[in-house]
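Worksheet: one structure, shown below.
We count ligands from 1, going down the list as the structure has it; atoms in each ligand are counted the same way.
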Amino acid sequence: MGRKTILFLIIGVLWGYYIYIPLPDNIEEPWKVMQTNTPVNIITNVALFAELLGISHFIDTLHFLMSFQDVPPTSDENVTVLETTFNKVPVRVYVPKRKAEMLRRGLFYIHGGGWCLGDAAFFNYDFMSRRTADRLDAVVVSTNYRLAPKYHFPNQFEDVYNALKWFLHQDVLEIYGVDPERVGVSGDSAGGNLAAAVAQQLTEDPDVKIKLKIQSLIYPALQTLDMDLPSYRELPQFPMLTKQFMVRFWSEYFTTDRSLEKAMLLNQHVPVEAKHLFKFVNWSSLLPEKFKKRHSYNSPTHGNSDLAKKYPGFLDVRAAPLLADDNKLSGLPRSYVITCQYDVLRDDGVMYVTRLRNHGFKIFLQHYESMCHWDLSGSGYPTYQTYQNWLHTRT
Ligand SMILES: *[C@@H]1O[C@H](CO)[C@@H](O)[C@H](O)[C@H]1NC(C)=O
Ligand SMILES: *[C@@H]1O[C@H](CO)[C@@H](O)[C@H](O)[C@H]1NC(C)=O
């Protein structure tokens with residue numbers, strides 16, 4: 001064998017080693033997951049390395065490497081795409097070109113990316129918004145918001161809330177030809193977190209007269225208190241979103257101080273003064289048997305109260321919608337929650353469904369047995385169905 005052949009063999013083996021990850025049998029398209037995960041792995045490793053060398057913040061490197069997915073706001077034959085601001089917050093609006101027979105549905109969409117990454121301009125989000133607008137004859141508003149590490153909670157929440165409030169004005173809806181009785185909010189991952197949070201906040205806002213018809217939460221992150229749920233225990237290293245990165249994203253939402261992240265990884269960040277909140281995230285009582293399996297519940301151990309004093313955001317209901325009391329839940333619109341089996345955030349979504357059901361809500365949980373985190377972000381397929389079913393009638 002020549003030297004070149006040997007070199008190619010080595011590269012081939014290394015690539016195979018790098019890309020190959022053992023996955024459960026029922027994952028629908030294992031090679032697709034591996035192929036998406038490989039670049040994710042490579043860029044996160046580059047970002048971790050750059051941080052280790054003190055060259056740049058982990059998130060800044062990721063942000064830079066991911067910005068190449070942006071596409072311009074280009075209208076096509078069916079949809080007019082424009083960029084504007086709602087209450088100073090930049091949004092992309094997708095309006096169907098065909099003549100409207102009546103007022104249209106409106107969908108306010110919030111992208112994911114751990115409160116640190118992502119953009120309405122990402123190819124997959126742009127694609128999804130365009131498709132949703134076209135297929136459902138809906139006006140889609142895809143919002144941006146300020147991101148960590150430059151901005152922390154509550155900036156992300158406030159940007160999204162301000163933009164949504166702007167959209168929910170009668171005269172703004174009129175400009176876009178949207179039916180005030182058929183407006184929904186949706187988002188995936190951190191966007192699902194923000195969607196749940198703004199939907200709760202709206203229920204208590206006397207300024208907003210127009211109510212949401214639905215909320216549709218796609219594998220939302222909903223709580224920071226217990227980082228030892230069965231889904232975190234079972235899937236700490238699962239491709240696309242490991243526990244390590246989820247905890248990093250959570251802590252970056254509140255601060256760049258890494259001591260919060262360290263405490264969260266040990267599940268020792270909640271002070272004893274906040275122990276009354278554990279009942280809202282108690283998976284032992286909120287998860288169905290199917291998800292509890294044989295795991296035994298350990299109440300999280302308490303940390304000192306300094307972290308919660310410095311970064312009270314992680315105990316704030318606007319960051320962790322599972323902490324809402326029953327009063328706050330009672331005003332929510334119809335809800336649709338999507339969870340995936342192979343996702344550390346799975347149990348957050350399932351627990352929220354239990355809480356809403358306990359409260360007497362009819363709520364639709366779509367649990368995908370063979371999917372993992374990020375599988376649906378920007379794909380559109382399951383989301384159309386939701387919006388179609390729930391935004392089509394005027395009741
Ligand atoms: C526009 O709509 C037509 C008719 O539904 C469809 O065939 C075409 O593919 C659409 N174009 C785009 C760019 O989506
Ligand atoms: C959690 O729920 C279990 C079972 O319902 C209960 O025994 C336990 O006391 C609860 N713990 C907390 C901290 O709420």
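The contact set between ligand 2 and Ser299, taken as ligand atoms under 4.0 Å from a residue heavy atom, comprises 13 (C). The contact set between ligand 2 and Ser285, taken as ligand atoms under 4.0 Å from a residue heavy atom, comprises 5 (O).
When ring centroids are compared, Phe157 and His152 stay outside the 6.0 Å threshold.
By the 4.5 Å side-chain criterion applied to Ile, Leu, Val, Met, Phe, Trp and Tyr, Phe49 is assigned to a cluster that also includes Leu53, Ile55.
Ligand 2 has an N or O atom lying under 3.5 Å from an N or O atom of Asn282, backbone or side chain.
Under the side-chain contact (heavy atoms from CB on, under 4.5 Å) test applied with Leu287, the options His295, Lys293, Arg346, Met351 reduce to a single match, Met351.
The side-chain hydrogen bond (donor to acceptor under 3.5 Å, both in side chains) pairs that include a residue from residues 262-284 are Asp226-Asn267, where partners are two or more places apart or lie in different chains.
Under 4.0 Å from any atom of ligand 1, one finds heavy atoms of residues Asp76, Glu77, Asn78.
Using a cutoff of 4.0 Å between basic side-chain nitrogens and carboxylate oxygens, Arg105 and Asp179 are not scored as salt-bridged.
In this structure Asp137 satisfies the salt bridge (Lys or Arg N to Asp or Glu O under 4.0 Å) test together with Arg98, Arg104, sequence neighbours excluded.
Ring pair His373/Tyr219 is tilted by interplanar angle, where 30° to 60° counts as tilted.
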